[in-house]
Amino acid sequence: MYAALKRYEGRAAATAGTGKDAVNEPMIRHWCEAMGDAHPAYRGPAAVAPPTMLQAWTMGGLSGHTDRSAAYDELFGLLDGAGFRSVVATDCEQEYLRPLRPGDRITFDAVIESVSARKTTKLGTGYFVTTRMDVRADGEPAGTHRFRILKYAPAARTQQPANPEPATKSEPTPTPEPAAVPRRPRPVVNRDNAGFWAGVAEHKLLIQRCGGCGRLRFPWLPGCQACGSPEWDTVEAGGAGSVYSYVVMHHPPFPAFATPGPVEDAPAPHAASPYAVALIELAEGVRILGNVVGVARDEVRIGMPVRLEFRRVDPELELPFFRAGGAG
């Protein structure tokens with residue numbers, strides 16, 4: 001299998017691809033609003049696009065891509081046919097060669113850069129596939145985007161012996177071990193956000209406040225996006241907020257994301273069923289992602305008032321949640 005996959009390395013994934021839209025101010029504005037990035041370089045007559053939007057100008061949207069190569073489709077067909085039908089994006093790397101400005105027309109080529117040997121992860125066993133996209137703006141090199149995914153077969157939740165010995169009267173059939181309760185992924189704690197997680201441990205939701213201009217910011221960053229000051233302190237969120245936006249996650253189901261707490265929030269038979277992930281706008285003006293509890297997922301609405309609470313999701317991890325209704 002690996003030898004067959006390796007033959008696709010170096011083959012084109014897309015040739016002479018064209019961005020569906022030129023670089024434009026509305027998409028830049030929407031991106032900046034979603035990211036909470038108010039840097040002045042992205043506004044006004046001399047505006048440039050945020051560099052991290054590099055991939056956005058090449059994406060196919062809901063109608064999909066029309067420029068993928070036959071080799072790309074063959075590679076993924078081979079993986080699907082061998083049972084590696086699930087996919088998860090793992091990471092991306094970008095290199096920026098020139099700013100993108102409104103009006104630039106985007107073209108790109110992509111290559112299947114590498115396919116890993118078979119790997120076993122907590123999600124399952126499969127292969128990492130890396131593609132490299134070379135992006136041009138009006139014919140000039142603008143940047144490089146490497147995107148890595150894992151094509152895998154999900155790990156079985158329980159493992160049974162391949163050829164179990166028949167039970168006898170003197171040797172009763174052993175009771176199978178219960179499947180381990182899956183844990184949520186651990187948050188990445190580093191020197192830039194350690195103070196936030198220390199606050200969560202004390203049931204405080206801490207927001208950074210710039211020591212230069214006083215602007216509040218979330219998530220935590222080493223410096224201010226508005227004035228560049230590295231000085232900051234914190235303020236504690238009061239806990240009131242509202243749903244700014246939300247999505248309902250249907251697939252793939254992750255049992256680890258079952259909502260902990262009272263049964264009315266997440267009935268046990270439906271623990272791994274779709275759940276709502278909301279972008280909460282706090283009363284202080286910053287936004288944070290979190291789960292809404294206290295209502296069914298199909299009752300979550302934009303503008304719904306919510307109130308902060310903390311819940312233990314496993315013996316080692318507590319997280320902020322948001323209860324619908326805004327009740328304390």
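All residue numbers in this chain count up from 1 along the given sequence.
Between the side chain of Thr125 and the backbone N or O of Thr120 there is no donor-acceptor pair closer than 3.5 Å. A donor-acceptor pair under 3.5 Å links the side-chain atoms of Arg301 to the main chain of Asp298, judged by distance alone. Side-chain N or O atoms of Asn291 include one that pairs as donor or acceptor with a backbone N or O of Ala276 at under 3.5 Å. Panel note: side chain Thr107, backbone Gly17; no donor-acceptor pair is recorded below 3.5 Å. Checked by atom type and distance alone, the side chain of Glu9 pairs as donor or acceptor with a backbone atom of Val115 at under 3.5 Å. Side-chain atoms of Ser69 come within 3.5 Å of backbone N or O of Ala12 as a donor-acceptor pair. At least one donor-acceptor pair under 3.5 Å links the side chain of Glu284 to the backbone N or O of Gly238. A donor-acceptor pair under 3.5 Å is absent between the side-chain atoms of Asp109 and the main chain of Thr15, judged by distance alone. For Lys20 (side chain) and Thr58 (main-chain N/O), no donor-acceptor pair under 3.5 Å exists by modelled atom type. In this structure, the side chain of Arg217 engages the main chain of Leu221 through a donor-acceptor pair within 3.5 Å.
With a 6.0 Å cutoff to the six-membered ring centre and a 45° limit on the axis angle, Arg287 counts as a cation-pi contact of Tyr244.
The aromatic rings of His39 and Tyr42 are tilted relative to each other, their planes meeting at an angle between 30° and 60°.
For the 3.5 Å distance criterion, the side chains of His203 and Glu318 qualify, holding a donor opposite an acceptor. Under 3.5 Å, the side chains of Thr130 and Arg148 contain a donor-acceptor pair of N or O atoms.
Between atom CE of residue Met133 and atom CZ of residue Phe147 there is a gap of 9.5 Å, rounded to the nearest 0.5 Å. Atom CG of Asp91 and atom CD1 of Ile149 lie 11.0 Å apart (nearest 0.5 Å). Rounding to the nearest 0.5 Å places CE of Met53 at 11.0 Å from CG of Asp37. Atom-to-atom distance recorded for Ser242:OG and Leu282:CG is 8.5 Å, nearest 0.5 angstrom. Rounding to the nearest 0.5 angstrom, the gap separating the CZ atom in Arg105 from the OG1 atom in Thr18 is 8.0 Å. Atom-to-atom distance recorded for Arg215:CZ and Gln208:CD is 12.0 Å, nearest 0.5 angstrom.
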What pairs of donor and acceptor atoms, side-chain ones from residues 191-201 against any protein atom, are under 3.5 angstrom apart with sequence neighbours left out?
residue: Asn193; atom: OD1; partner: Asn190; partner atom: N; Å: 2.8
residue: Asn193; atom: ND2; partner: Val188; partner atom: O; Å: 2.9

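Pairing each heavy atom of Arg7 with each of Arg11, the nearest pair is O-CD, 3.5 Å. When all heavy atoms of Trp57 and Ala49 are compared, the pair lying nearest together is CZ2-CB, 4.0 Å. Nearest heavy atoms, Pro187 versus Leu317: CD-CD1, 3.9 Å. Across all non-hydrogen atoms, the minimal contact from Tyr72 to Ala13 is CD1-CB, 3.6 Å. Nearest heavy atom pair, residue Gly19 against residue Phe108, reads N-CE2, 4.1 Å. Pairing each heavy atom of Pro102 with each of Ile28, the nearest pair is CG-CD1, 4.2 Å.
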Inset, instruction - Could you walk me through whether Leu78 and Met1 pass side-chain contact (heavy atoms from CB on, under 4.5 Å), step by step? - result: CA-CA 9 Å; Leu78 183 61; Met1 179 69 182; 4.1 Å; yes

Inset, instruction - Evaluate side-chain hydrogen bond (donor to acceptor under 3.5 Å, both in side chains) for Gln94 paired with Tyr96, printing each intermediate quantity in order. - result: CA-CA 7 Å; Gln94 293 183 337; Tyr96 311 118; 2.6 Å; yes

Legend entry - Check against salt bridge (charged side-chain N to carboxylate O under 4.0 Å, His left out), Glu299 and Arg297: CA-CA 5 Å; Glu299 294 178 7; Arg297 62 178 183 272; over 6 Å; no

Inset, instruction - Take Cys92 and Arg146, measure what side-chain contact (heavy atoms from CB on, under 4.5 Å) needs, and give me the verdict at the end. - result: CA-CA 5 Å; Cys92 73; Arg146 282 183 173 85; over 6 Å; no

Inset, instruction - List the steps, then state whether salt bridge (charged side-chain N to carboxylate O under 4.0 Å, His left out) holds for Arg132 with Asp134. - result: CA-CA 7 Å; Arg132 187 191 77 243; Asp134 297 311; 3.3 Å; yes

Inset, instruction - Begin with the C-alpha distance, continue with both residues' side-chain angles, and end with the deciding distance and a verdict on side-chain contact (heavy atoms from CB on, under 4.5 Å) for Val243 and Val306. - result: CA-CA 7 Å; Val243 175; Val306 294; 4.0 Å; yes

Inset, instruction - List the steps and the verdict of side-chain contact (heavy atoms from CB on, under 4.5 Å) for Glu93 and Glu95. - result: CA-CA 7 Å; Glu93 303 168 13; Glu95 179 183 8; over 6 Å; no

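Put simply, the side chain of Tyr8 does not reach to within 4.5 Å of the side chain of Lys6, judged on heavy atoms. Using a 4.5 Å heavy-atom threshold, the side chains of Ser229 and Cys213 count as separate. Between Tyr152 and Thr121 there is no side-chain heavy-atom pair separated by less than 4.5 Å. Residues Phe321 and Leu308 are not in side-chain contact: their nearest non-hydrogen atoms beyond the backbone lie 4.5 Å or more apart. Between Tyr127 and Leu79 there is a side-chain heavy-atom pair separated by less than 4.5 Å. Between Tyr246 and Ile280, the closest side-chain pair of non-hydrogen atoms is not below 4.5 Å. Two residues are said to be in side-chain contact when any heavy atoms from C-beta on lie closer than 4.5 Å; Met27 and Arg29 fail this criterion. Using a 4.5 Å heavy-atom threshold, the side chains of Leu75 and Val129 count as touching.
Val48 and Leu97 fall into different hydrophobic clusters, where Ile, Leu, Val, Met, Phe, Trp and Tyr are joined by side-chain heavy atoms under 4.5 Å apart, directly or via other members. Both Leu205 and Trp232 are members of a single hydrophobic cluster when ILVMFWY side chains are connected at heavy-atom separations under 4.5 Å. Note on Met35: it clusters hydrophobically with Leu100, by side-chain heavy-atom contacts below 4.5 Å among ILVMFWY residues.
A salt bridge does not link Arg136 with Asp104: every distance from a Lys NZ or Arg NE/NH1/NH2 to an Asp or Glu carboxylate oxygen is 4.0 Å or more. We find that Glu25 and Arg43 are not joined by a salt bridge, their nearest charged nitrogen and carboxylate oxygen being 4.0 Å or further apart. Between Glu309 and Arg311, at least one side-chain N (NZ, or NE/NH1/NH2) sits under 4.0 Å from a carboxylate O, which counts as a salt bridge. A salt bridge is defined here as a Lys NZ or Arg NE, NH1 or NH2 lying under 4.0 Å from an Asp or Glu carboxylate O, and Arg209 with Asp233 meets this definition.
Environment of CD in Glu236: crowded, with over 12 heavy atoms of neighbouring residues, nucleotides or ligands closer than 6.0 Å.
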